[in-house]
K.L.:
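There's a structure below that I have some questions on.
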2 protein chains.
Amino acid sequence: MKQKQYRQTLTPSVFYILLALYNKERHGYEIMKQVEYASDGKIKMGPGTLYGSIKRMLADGLIEEAYERPDPEFDDERRKYYRLTEFGRKQLSMELKRYGNAIKLARLKNLLLGLEL
Amino acid sequence: MKQKQYRQTLTPSVFYILLALYNKERHGYEIMKQVEYASDGKIKMGPGTLYGSIKRMLADGLIEEAYERPDPEFDDERRKYYRLTEFGRKQLSMELKRYGNAIKLARLKNLLLGLEL
DNA sequence: AACAATATATCCGTTTTCGATATATAATAT
DNA sequence: ATATTATATATCGAAAACGGATATATTGTT
C-alpha cells in the first residue's frame with residue numbers, strides 16, 4: 001500500500017532547524033544561533049517560532065530528544081538536546097533536492113532567455 | 001534611513017509562484033500547472049493557496065497584473081496574466097541564494113551525495 | 001448532449017508565524 | 001559584591017498563511 005506523504009513542502013523554519021541538526025545534536029538556543037550564523041545573520045528565529053517548531057517536529061517524528069549529556073564541565077543543565085531522526089533526515093534530503101531542482105530550473109531559464117533575445 | 005526588510009524568508013507557495021513567473025507572464029491556472037510540472041508532480045497547489053497567495057503578492061508588490069492580451073485566437077478572456085515586478089525578482093533572487101547556500105553547506109558535510117548544481 | 005478540463009474566486013477551519021512576555025541561571029563587567 | 005548582559009527554555013495570542021471544499025462559468029472533447 002502506498003502511504004500518503006508527510007507534507008508537500010517543509011515550512012522554512014522546519015527546514016532551517018533540520019539543517020542546523022544535520023551533523024550534530026544541538027539544544028534549542030544553539031539551533032537559534034546556528035540558523036542565524038548559517039544564513040549570515042539574515043534569518044533570525046525568535047523563541048516563539050523556535051520552541052513552537054520544536055514541539056511540532058517532535059510530535060511529527062522529525063527530531064527526537066537526545067538524553068545523553070556532555071561532560072558536566074561543559075554542560076548546562078537547563079539545556080535540552082535534539083537530534084534528527086531517520087525520517088527527519090529523509091525529509092530534509094527531499095527538500096534540499098526540491099530546492100536544488102528549483103535552482104537548476106532558474107539557471108536553465110536564464111540561459112534560454114538569453115538565447116531568445 | 002534603513003528601511004526594514006520585507007520578510008525573513010518567502011513562504012514556499014510564494015517562492016514557487018515567483019519561480020513560475022521567472023521568465024514569462026502566466027495566468028493563475030497556468031501557474032498552478034507550472035508549479036506541478038516543475039516539481040515533477042510533487043507539489044500540487046490548490047486554488048485556495050494559489051489565489052490567496054496571488055492576492056497577497058499583488059498587495060505586497062511582488063507581482064503585478066499584465067493587461068496586454070495575447071492574440072485573441074489563443075486567448076481565453078477569463079484569464080488574468082501576472083508578471084514579476086523588479087521587487088519580486090529581487091526577492092526571488094535572494095531566496096534562491098539562501099537555498100543555494102543551504103545546499104552548499106549540506107553538500108559540504110556530505111549529506112547530499114550526487115546532486116550536481 | 002454529456003462530460004471533463006479549464007479558469008477564477010471565496011469561505012473557513014486549521015496550522016504556522018513571531019513578537020511579547022515570563023522565568024531563571026550563567027557569565028561578565030563595574 | 002553587585003549589576004548587567006547573555007544564555008536557555010517556555011507560553012500566549014494576534015495575525016498571517018495554508019489548503020480543502022465549494023461555487024460558477026466557459027471551453028474542449030467524446
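Labels below follow one simple rule: chain letters A, B, ... track the order of the sequence lines, proteins then strands, and each chain is numbered from 1.
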K.L.:
Contact between A/Arg83 and A/Glu68 at the side-chain level, heavy atoms closer than 4.5 Å - yes or no?
P.N.:
yes
K.L.:
Counting neighbours of NZ on A/Lys24 that are heavy atoms of other residues, nucleotides or ligands and sit closer than 6.0 Å, is the number greater than 12?
P.N.:
yes
K.L.:
Heavy atom of residues 44-63 of chain A under 4.0 Å from DNA chain D: which residues?
P.N.:
A/Pro47, A/Gly48, A/Tyr51, A/Lys55
K.L.:
Taking the axis from the first five pairs and the axis from the last five, what angle separates them in the helix from C/dA1-D/dT30 to C/dT30-D/dA1, rounded to 10 degrees?
P.N.:
30°
K.L.:
Which pairs with one or both residues in residues 25-61 of chain B pass ring-ring contact (aromatic ring centres under 6.0 Å, His included), sequence neighbours excluded?
P.N.:
B/His27-B/Tyr81
K.L.:
Near DNA chain C, under 4.0 Å by heavy atom, which residues of residues 67-83 of chain A?
P.N.:
A/Asp76, A/Arg78
K.L.:
Quick check: closest heavy atoms across B/Ile54 and B/Gly28, and the distance to 0.1 Å?
P.N.:
CD1-CA, 4.2 Å
K.L.:
Short question: side chain of A/Thr85, backbone of A/Glu64 - any donor-acceptor pair under 3.5 Å?
P.N.:
no
K.L.:
Output yes when B/Glu95 and B/Arg98 qualify as a salt bridge under the 4.0 Å nitrogen-oxygen rule, no when they do not.
P.N.:
yes
K.L.:
Taking atom CZ of B/Arg56 and atom OG1 of B/Thr11, what is their separation to the nearest 0.5 Å?
P.N.:
7.0 Å
K.L.:
Side-chain N or O of B/Ser13 less than 4.0 angstrom from OP1 or OP2 on D/dC18?
P.N.:
yes
K.L.:
Distance-only, no hydrogens or angles: does the A/Arg26 side chain make a donor-acceptor pair with backbone N or O of A/Ala20 under 3.5 Å?
P.N.:
yes
K.L.:
Taking all non-hydrogen atoms of both residues into account, name the closest pair between B/Leu18 and B/Gly88 and its distance.
P.N.:
CD1-O, 4.0 Å
K.L.:
Look at the side-chain heavy atoms of Ile, Leu, Val, Met, Phe, Trp and Tyr, link any pair under 4.5 Å apart, and say whether B/Val14 and B/Met94 land in one connected group.
P.N.:
no
K.L.:
Could you list where the contact with chain A starts and ends along DNA chain C, reading 5' to 3', using a 4.0 Å heavy-atom cut-off?
P.N.:
C/dT16 to C/dA26
K.L.:
Among A/Leu84, A/Leu62, A/Ile63, which residue satisfies the side-chain contact (heavy atoms from CB on, under 4.5 Å) criterion with A/Arg89?
P.N.:
A/Leu84
K.L.:
Return the residues of residues 29-38 of chain B meeting this criterion: a heavy atom under 4.0 Å from some atom of DNA chain D. Order them by number, or give none.
P.N.:
none
K.L.:
Is a side-chain N or O of A/Asp76 found less than 3.5 angstrom from the main chain of A/Arg78, in a donor-acceptor match?
P.N.:
yes
K.L.:
Measure CZ/A/Arg26 against P/D/dA8 and give the value in whole Å, please.
P.N.:
12 Å
K.L.:
Is the shortest side-chain heavy-atom distance between A/Thr9 and B/Tyr16 below 4.5 Å?
P.N.:
yes
K.L.:
Aromatic rings A/Tyr99 and B/Phe15: how do their planes relate, parallel, tilted or perpendicular, breaks at 30° and 60°?
P.N.:
perpendicular
K.L.:
Check whether any side-chain heavy atom of A/Met45 lies under 4.5 Å from a side-chain heavy atom of A/Ile17, and answer yes or no.
P.N.:
yes
K.L.:
Between B/Arg7 and D/dA15, is there a contact of a side-chain N or O with OP1 or OP2 at under 4.0 Å?
P.N.:
no
